[in-house]
Amino acid sequence: MAVKALEWKDGALMLLDQRVLPGRVSWLRLTIWEEVRDAIRDMAVRGAPAIGVAAAYGLALAVQQGSNFEAARAELAASRPTAVNLFWALDRIASLSDLSFDRVLAEAQAIEREDVEMNLALAAHGATLVAFGARVMTVCNTGSLATAGHGTALGIIRTAFAQGLVSLVYSCETRPRQQGLRLTAWELIQDEIPFRSIADGAAASLMHAGSVDLIVVGADRIARNGDTANKIGTYMLAVCAKHHGIPFVVAAPSSTLDLTIATGADIPIEERDASELTEIEGVRIAPEGCPVFNPAFDVTPGELITAIVTERGVNRAPYEF
Ligand code: MRU
């Protein structure tokens, strides 16, 4: 768990800028809540649990600045719509009876600490689903960078690898932002876990070839019936997994459960700027005038999911969280 995405230090939120990894390891020092809002929106910090932790520290900064608390809360909430951890963390802070700086900061630190604890617990539960020698496929980045530490789906892979269970990881590139190629690969190299990065389009043929034993993915929001929003392309993996009889596991802390909604139809799906698709590292690769549709997430129906693992254990349909 050497990698850390964020920490509170000397009155500021320190964020490892995930937009420039792995090429540059650059820390941002954020001292006003507006910078936190922008960092979430621009994906300097990303991954549902990490977004929640950052937003909580954003409110601590708002109190420190003497800003209007409700205005800061509303703008932080508007930074990204899909990951429910953002709203969960903001609501948890807002429900405090004492909104003094010390109390808000302590709660943000508790949210950070508890996220690591939840990830370690869910990873231990998830590892029970990993067979000896398993070749595990994953998508996006769900590791230490996406959380307060250890990770969710990647946390399961870490824990199962430490137990000698995982023989190889297939890490999907995850276009358009390439969280798999840039961030998951970076974490796997540091942990010396054997892996292959693959183009997203290679996933189905690997499954067909019998090269994948298990797929583990993270989540941005899970509805009561198990419908799960996660990085765009996750649904495609789940459909292919069903076709090939491969177990498809979702991993998330309980802060990712949205028990206010019955199904995934009520999950807001973020659409991001066309430039994420038309450019790579600022270099335009699409023709001028190319129309784009760029949803950041999709919803995998609960019936395609073999199990949903939280810190409380392994859940199977019909889900009762
Ligand atoms: O757009 P991102 O990079 O924030 O999307 C991240 C994901 O989809 C993750 O799988 C999810 O947030 C879980 S992170 C533990």
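Note that the numbering runs from 1 along the sequence shown for the chain. Order of appearance sets the numbers: ligands from 1, and atoms from 1 within every ligand.
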Please write down residue, atom name and distance for the protein heavy atom closest to [atom].
atom                    : result
atom 13 (C) of ligand 1 : A219 O, 3.3 Å
atom 14 (S) of ligand 1 : A146 CB, 3.6 Å
atom 11 (C) of ligand 1 : D220 OD1, 3.1 Å
atom 12 (O) of ligand 1 : A48 N, 2.8 Å
atom 5 (O) of ligand 1  : K231 CE, 3.3 Å

### Sub-3.5 Å N/O-N/O distance, T152 and ligand 1
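In this structure, T152 places no N or O atom under 3.5 Å from an N or O of ligand 1.
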### Message
Check this for me - ligand 1, M43, N or O atoms closer than 3.5 angstrom, yes or no?
### Response
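No: no nitrogen or oxygen of M43 is under 3.5 Å from one in ligand 1.
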### Task
Run through R177, R46, Q178 and flag the one making a side chain to side chain contact (heavy atoms under 4.5 Å, CB included) with L183.
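The passing option is R46.
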### Query
When L237 is tested against each of M137, K231, K242 for side chain to side chain contact (heavy atoms under 4.5 Å, CB included), which residue passes?
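Single side chain to side chain contact (heavy atoms under 4.5 Å, CB included) partner of L237 among M137, K231, K242: M137.
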### Query
Quick one: hydrophobic cluster around V309, which other residues, with the 4.5 Å side-chain cut-off, linked directly or via members?
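Traced through the cluster, V309 reaches L122, L129, V130, F132, V136, L154, I156, I157, F161, L165, V166, V169, L188, I189, I193, F195, L214, V216, V249, V314.
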### Query
Hey, are D200 and R175 close enough for a salt bridge, meaning a charged N less than 4.0 Å from a carboxylate O?
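The answer is no: the pair does not qualify as a salt bridge.
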### Message
Please determine whether a side-chain nitrogen of the Lys or Arg among E34 and R37 lies less than 4.0 Å from a carboxylate oxygen of the Asp or Glu.
### Response
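Not counted as a salt bridge, because no side-chain N and carboxylate O are separated by less than 4.0 Å.
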### Query
Between T174 (side chain) and C140 (backbone), is there a donor-acceptor pair under 3.5 Å?
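At least one qualifying donor-acceptor pair exists.
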### Task
Check whether any side-chain N or O of R182 sits under 3.5 Å from a backbone N or O of Q18 as a donor-acceptor pair, and report yes or no.
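Answer holds: yes.
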Taking only non-hydrogen atoms of [X], do any sit less than 4.0 angstrom from ligand 1?
X    : value
R80  : yes
E270 : no
A83  : no

### Message
Going by the closest heavy atom to atom 6 (C) of ligand 1, which one wins out of A229, A50, C140, A252?
### Response
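Minimum heavy-atom distance to atom 6 (C) of ligand 1 goes to C140.
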### Task
Please work out which of D298, T82, N230 has its closest non-hydrogen atom nearest to atom 10 (O) of ligand 1.
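Nearest heavy atom to atom 10 (O) of ligand 1 lies in N230.
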### Query
By number and element, which atoms of ligand 1 are closer than 4.0 Å to a non-hydrogen atom of Q179?
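That gives atoms 1 (O), 2 (P), 3 (O) of ligand 1.
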### Message
Does either side chain, that of D98 or that of S100, offer a donor lying less than 3.5 Å from an acceptor on the other one?
### Response
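Yes, because at least one side-chain N or O of D98 sits under 3.5 Å from a partner of the opposite role on S100.
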### Query
Got a second to check how far R92's CZ is from E107's CD, nearest 0.5 Å?
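R92 atom CZ to E107 atom CD measures 4.5 Å (nearest 0.5 Å).
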### Task
Could you see which bit of T147 sits under 4.0 Å from ligand 1, with heavy atoms only: side chain, backbone, both or neither?
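It is the side chain that gets close, since no backbone atom is under 4.0 Å.
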